[in-house]
S.K.: 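Below: one structure in structure tokens.
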Amino acid sequence: MPSTTSGLSSDRDPSVPASAMPLISPNALLYAHLKQNPPRRPSNRAPSEFRSIQLNVGSLTHCNGSSLVKIGATTIVCGVRAEILPVTEIPSFRITRSGASSTPAAAAEEEEEVYSAIPLYNLVVPNIELATGCSPRHPANTTPSTEAQSISQRLLSLLHTSQLVRSSDLEISYTPPPQAEDLELGLDTDPRLKAYWTLYIDMTCISHGGSIFDAAWLALYAALKNTLLPKAWWDADLEQVLCSAEVSDARKLDLRGMPVPSSFGVFVPEKRVLGQDGREDGFWVLMDTDGFEEEACGETGSITVDAGSSTGSPSILRIEKNGGSNVGVDQMVEIVALAERRWHQWKAALNSVVTAS
Amino acid sequence: MSDRRRLNGPAGTTSPPVFALSKSSTKSSQKRTRKPNELRKIFLQTGVVPSATGSAYLELESPPESKPGLLNTSSTLKLSCSVHGPKPLPRTASFSPNLQLSASVKFAPFATCVRQGYIRDSTERDIGMHLETALKGVVIPDRWPKSAIEIAVTVLEGEDDQVDGDRIGGVGLFNLLAGCINVSMAALADARVDCLDLLAAGVGAVVPGPGKPFRVLDPASIEHDLILASCLVGYLPSRDEIVEIWSNGSVSNLGRDEDIGFDGLVDSAVAAARGSQTVIKEVLIESLTRTEVGAEKLPNDGMNDVDMNT
């Protein structure tokens, strides 16, 4: 193969510049880098090394919460906007008691049951937009690609399965004033649900540089962490929900845990790249793949962990892996350990921003 | 209009929150503290999208924060632009001796006061058309036969403080289009596309003054209660050519003196464009020297060299 026999350095073969190698033969280039000792990636990272995370929150004016996440060449802007969904708009709404229970024990019991409101009424709506010209493969002006649709769907499913947002945070209820005749008749004056907050989470990909799902989720998490919901109440006279414009009245969302996804790719060199002897060099697990590596890796996956639980050991919230059969159980355990490192990296990045603002 | 390719949220209609009247909800109009001939500061950066041929990010100076409030909606322009191409036309396309330039503008859902859907609306298409005609005036198209170039501008934050009145043809829209032209030009230059000149756009306006109306450069919609007439130009300074002009408001009968007639209005817009051009020029020279320094350090385009003989 000409690509494997010609040297990569431009002084030996000036006809092929190094910058053209990813386009000509990505597999050979990646293999040549990884078979060094110790293995290095073209971006000069070790296979298990993550890119650093840059985070900025609250820069958008028209949003309840916003964030900008930059991981290597990947840039994602996320804005959370809260709108009000009156229960009268929900078809066949079943009246339930408000989630704010009186006793903590009952509240813990109800946790599982109460969460059902969010998936039932679609109260969190994540959408990612890749058609912004963020990479040559994502031209502007097009309908959402399969990639964009699947990432939006995965974000939604992770939001639901991790139960990140509490239903009780999104409820707007109304307690009728107690009246003398009600008390005599024994009518209850329990709080009644009048409306729900709906969180529209819109993400725009400015630059696509691989591991979009990780960056999108982290942007989503930071934006939700930054979200301020205004104080809202039911006005019985106007029969609508009113909000207070005071910042002091507004409250933050109380998120459940901190899931952090870590994407990886498994690189298997092609047979023709291995040369005549045909020896098997196995495979490499590349954490936090960039755009170029993503194209060269057939087998990809993502593990979402939350290391912040009280038990100390990280809990795995989501595992996904497809496209090959090289990674076994042992490697998966190693990847979970790496994902835990990513979790701590993200925690540090988030803390530095949250304490600064 | 339901979009089956996106997550659409609840079946019922959600409405933006309605705020009760209180002390902080009353909107205070900020007065213009700049001089009439002073532009807002422009932050411009090229190369924000590494995988694109050229890209740029533009942000205008934000007005001084008066007080924190949930209703504080004074926003500034934040635009991101990427250029892909020139690339060959698809085989099925008919022969073209010129470069096929296409430009589009898209608002992010969080760009405006009221959440906007993902479907491209007529305002975006209109601005896209204006941008395209302006850029067609500056690119030298016969250098790339049978090629196409795509310019995409994403509006991360628009400059509108009214609910939606400004999106039809107000000064906020003019500022947006001027920003789009400036950021696209920077991205085109970053993509090393041959152009006649460094195109720049500016907005001028006539506002009512204490005695008589006077001209201002780069009017921000939040700073003026009333704008009598406004004008946007896309201008090629070294050739003294106008490639795009759009004006609003009745200007000819504003006053007897020529100073605030139509010519005066266009002159003020041209002056604003000249001011923007100095910024674009400086940023491009800076980025050029930066990449040259970087190229000396890393001859192999950032890749570490390895021997590929297997």
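To find a chain, count down the sequence lines: A is the first, B the second, and so on, and within it residues start at 1. On a predicted model such as this, the values are computed, not experimentally measured, just so you know.
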S.K.: So what's closer than 4.5 Å to chain A heavy atoms on Arg6(B): side chain, backbone, both or neither?
M.R.: both
S.K.: Work out which heavy atom in Gly210(A) is nearest to a heavy atom in Thr74(A); give both atom names and the distance.
M.R.: O-OG1, 2.8 Å
S.K.: So which part of Val77(A) gets closer than 4.5 Å to some heavy atom of chain B, the side chain, the backbone, both or neither?
M.R.: both
S.K.: Heavy-atom distances under 4.5 Å only: say whether Ala148(A) touches chain B with side chain, backbone, both or neither.
M.R.: neither
S.K.: Is Lys78(B) in contact with chain A via its backbone, its side chain, both, or neither, using a 4.5 Å heavy-atom distance?
M.R.: side chain
S.K.: So which residue, Ala52(B), Gly9(B), Ser102(B), Ala152(B), ends up with the most heavy-atom pairs under 4.5 Å with chain A?
M.R.: Gly9(B)
S.K.: Say whether, by atom type as modelled, one donor and one acceptor occur between the side chain of Asn127(A) and the main chain of Leu7(B) under 3.5 angstrom.
M.R.: yes
S.K.: Report which part of Thr132(A) has an atom under 4.5 Å of a heavy atom belonging to chain B: side chain, backbone, both, or neither.
M.R.: both
S.K.: Identify which part of Leu60(A) has an atom lying under 4.5 Å from any heavy atom of chain B, answering side chain, backbone, both or neither.
M.R.: both
S.K.: If you count heavy-atom pairs under 4.5 Å with chain A, which of Val153(B), Leu156(B), Thr14(B) comes out on top?
M.R.: Thr14(B)
S.K.: Under 4.5 Å heavy-atom distance to chain A, tell me which part of Thr154(B) shows up: side chain, backbone, both or neither.
M.R.: side chain
S.K.: So does Arg41(A) pair up with Glu293(A), basic N to acidic O under 4.0 Å?
M.R.: yes
S.K.: At a 4.5 Å cut-off on heavy atoms, which part of Tyr118(B) comes close to chain A: side chain, backbone, both, or neither?
M.R.: side chain
S.K.: Where does Ser80(B) contact chain A at under 4.5 Å (heavy atoms): side chain, backbone, both or neither?
M.R.: side chain
S.K.: Give the member of Thr146(A), Thr198(A), Leu123(A) that has the highest number of heavy-atom pairs under 4.5 Å with chain B.
M.R.: Thr198(A)
S.K.: Would you check if there is a donor-acceptor pair between the side chains of Glu89(A) and Thr13(B) at a distance under 3.5 Å?
M.R.: yes
S.K.: Looking at Ser51(B), Ser55(B), Ser15(B), which one has more heavy-atom pairs under 4.5 Å with chain A than the rest?
M.R.: Ser15(B)
S.K.: Would you name the heavy atoms of Leu34(A) and Pro39(A) that are closest together and state the gap between them?
M.R.: O-CB, 3.1 Å
S.K.: If you define the side chain from C-beta out and look only at heavy atoms, does anything of Asp202(A) sit under 4.5 Å from Glu129(A)?
M.R.: no
S.K.: Looking only at the side chains, is there a donor atom on one of Glu150(B) and Asn141(A) sitting less than 3.5 Å from an acceptor on the other?
M.R.: no
S.K.: Count the heavy-atom pairs under 4.5 Å between each of Ile128(A), Thr75(A), Leu85(A), Val80(A) and chain B, then report the option with the highest count.
M.R.: Leu85(A)
S.K.: Sort out for me which of Arg120(B), Lys106(B), Lys87(B) touches chain A most, counting heavy-atom pairs under 4.5 Å.
M.R.: Arg120(B)
S.K.: If you count heavy-atom pairs within less than 4.5 Å of chain B, which of Gly79(A), Ala140(A), Gly133(A) leads?
M.R.: Gly133(A)
S.K.: Please tell me whether His208(A) and Glu147(A) have a donor and an acceptor in their side chains that are separated by less than 3.5 angstrom.
M.R.: yes
S.K.: Do the charged groups of Glu223(B) and Arg40(B) touch, with an N to O distance under 4.0 Å?
M.R.: no
S.K.: Looking at Ser207(A) and Ala73(A), what are the two nearest heavy atoms and their distance?
M.R.: OG-O, 2.6 Å
S.K.: Between Ser43(A) and Arg45(A), is there a side-chain donor-acceptor contact under 3.5 Å, judged purely by atom types and distance?
M.R.: yes
S.K.: What part of Cys134(A) gets within 4.5 angstrom of chain B, counting heavy atoms only: side chain, backbone, both, or neither?
M.R.: backbone
